[in-house]
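Below, chain A is the first sequence line, B the second, and so on; all start at residue 1. Every value quoted in this text rests on a predicted model; they were computed, and no experiment measured them.
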Protein chains: 2
Amino acid sequence: MDARVASTRQKIEIYRAGAGQGRLANCPIRSVVQSIFGKWTSLLLSALAEKPYRFGELRRLVPDISQRMLTETLRDLQRDGYVHREVFPTKPPSVEYSLTDLGRSMFDSLQHLLHWAENHHATVVEARARFDATDA
Amino acid sequence: MDARVASTRQKIEIYRAGAGQGRLANCPIRSVVQSIFGKWTSLLLSALAEKPYRFGELRRLVPDISQRMLTETLRDLQRDGYVHREVFPTKPPSVEYSLTDLGRSMFDSLQHLLHWAENHHATVVEARARFDATDA
DNA sequence: CTGTATCCCCTATGATACTG
DNA sequence: CAGTATCATAGGGGATACAG
């Protein structure tokens, strides 16, 4: 194990322990991670990592998201500083969403996991099938 | 941008598009990612990445998890092939959980994001505060 | 010690309709 | 076009008690 991995494990120990006794639920690391783990978050980030998109374009890119969740997820991403929202005073108005530097930084880390899932999802699905068949 | 990043982006395009028209919700990549995104999943994985643990030890490591969710999350992790469950016929019985090779492989990728959150959560919390103050 | 079985609640999400 | 408002619902998750 190299030094970097050891360092990472030490920090993740902190993540697990939370922010202190009695405030585990308020651990800021958990809070940040959970917001990234939202149902539509990684999907929208992967779109915006490619290039900026307008509201309606995102809706077409992710056809099964409801308008409400698109609005809400984008607002949360903006609130956390991952996404920049720019309104163009055209008529009718158009709004463009793009990743901030913070968002790009975060997505670079998230991307490792998405990439893993793309490469190994078949293995996981097989494991599930085997488990379900065995226990019955 | 190097070739590896370009390759990743291309695959994430597939992730976004899902498994095909009309079956977006059944996209296996989404399904695998969502299960990893469970509330307690990353926490338990980070514990088991360190060393195998028994049920009660995990409960003490993550004091605010309910017994029910601990059982359920561990079973899901086992079902997906990330965790191995070994029962020792002692009296009373003891059960040890450990990462499989697949689990270690997956956690290596997840770790990048957890590490990022550990290093940047303060920035995100500040961004939230600024957003909340600005809009009122 | 390691779970199961219930009951319950609340939040995340969807569907639909309306607005600047 | 880009949202908001409202209503409805499923299921994730907690608390508690029981069991092998």
TODO: Check each residue of residues 92-99 of chain A for a non-hydrogen atom within less than 4.0 Å of any atom in DNA chain D, then write out the ones that pass by number, or none.
DONE: A/P92, A/P93, A/S94, A/V95, A/Y97
Open item on the list: If I compare all heavy atoms of B/A47 with all of B/L58, which pair ends up nearest, and what's the gap?
Closed with: CB-CD2, 4.0 Å
Task: Residues forming a ring pair (Phe, Tyr, Trp, His ring centres under 6.0 Å) with B/F37, sequence neighbours excluded - done: A/F37
Open item on the list: Report for the helix from C/dC1-D/dG20 to C/dG20-D/dC1: angle between first-end and last-end helix axes, five pairs each, rounded to 10 degrees.
Closed with: 50°
Task: Close approaches to DNA chain D from residues 78-91 of chain A, in residue order (heavy atom, under 4.0 Å) - done: A/R85
Open item on the list: Test of understanding: with ring pair (Phe, Tyr, Trp, His ring centres under 6.0 Å), list the residues that count as partners of A/F55, not counting sequence neighbours.
Closed with: none
Task: side-chain contact (heavy atoms from CB on, under 4.5 Å) involving A/T73 - partner list, sequence neighbours excluded - done: A/W40, A/T41, A/L44, A/M69, A/L77
Show every donor-acceptor pair shorter than 3.5 Å between a side-chain atom in residues 87-94 of chain A and any protein atom, with sequence neighbours excluded, or say none if there are none.
unit_1	atom_1	unit_2	atom_2	d
A/T90	OG1	A/F88	O	3.4
A/T90	OG1	A/P92	O	2.8
A/T90	OG1	A/S94	N	3.3

N/O donor to acceptor pairs below 3.5 angstrom from side-chain atoms of residues 121-129 of chain A, sequence neighbours left out:
unit_1	atom_1	unit_2	atom_2	d
A/R128	NE	B/D80	OD1	2.7
A/R128	NH1	B/S31	OG	2.8
A/R128	NH2	B/D80	OD2	3.2

Open item on the list: Test of understanding: with side chain to side chain donor-acceptor pair (under 3.5 Å), list the residues that count as partners of A/E86, not counting sequence neighbours.
Closed with: A/H84
Task: Contact boundaries on DNA chain C for chain B, cut-off under 4.0 Å to non-hydrogen atoms - done: C/dC1 to C/dT6
Open item on the list: If I compare all heavy atoms of A/Y53 with all of A/L48, which pair ends up nearest, and what's the gap?
Closed with: N-CD2, 3.8 Å
- [ ] Go through B/D64 and A/R30 one step at a time and tell me if the salt bridge (charged side-chain N to carboxylate O under 4.0 Å, His left out) criterion holds.
- [x] CA-CA 12 Å; B/D64 57 340; A/R30 289 197 195 183; 2.8 Å; yes
Open item on the list: How close do B/R59 and B/Q67 get, counting heavy atoms only, and between which atoms?
Closed with: NH2-NE2, 3.6 Å
TODO: Measure from the side-chain N and O atoms of B/R54 to the backbone N and O of B/Y97, and report whether any donor-acceptor pair falls under 3.5 Å.
DONE: no
- [ ] Taking B/S105 for its side chain and B/D101 for its backbone only, find out whether a donor-acceptor pair lies under 3.5 Å.
- [x] no
Open item on the list: Looking at every heavy atom in both A/G81 and A/T100, which two are closest together, and how far apart are they?
Closed with: O-OG1, 2.6 Å
TODO: Give the rounded distance in Å between these two atoms: CZ of A/R60 and C1' of D/dA2.
DONE: 12 Å
Task: Contact state string [nucleotides 9-14 of chain D, B base, S sugar-phosphate only, - no protein heavy atom under 4.0 Å] - done: ----BB
Open item on the list: For A/R79, is there an ion pair with A/D76 - N to carboxylate O distance below 4.0 angstrom?
Closed with: no
Open item on the list: Checking A/H120 now: which residues fulfil ring pair (Phe, Tyr, Trp, His ring centres under 6.0 Å) with it, not counting sequence neighbours?
Closed with: A/W116
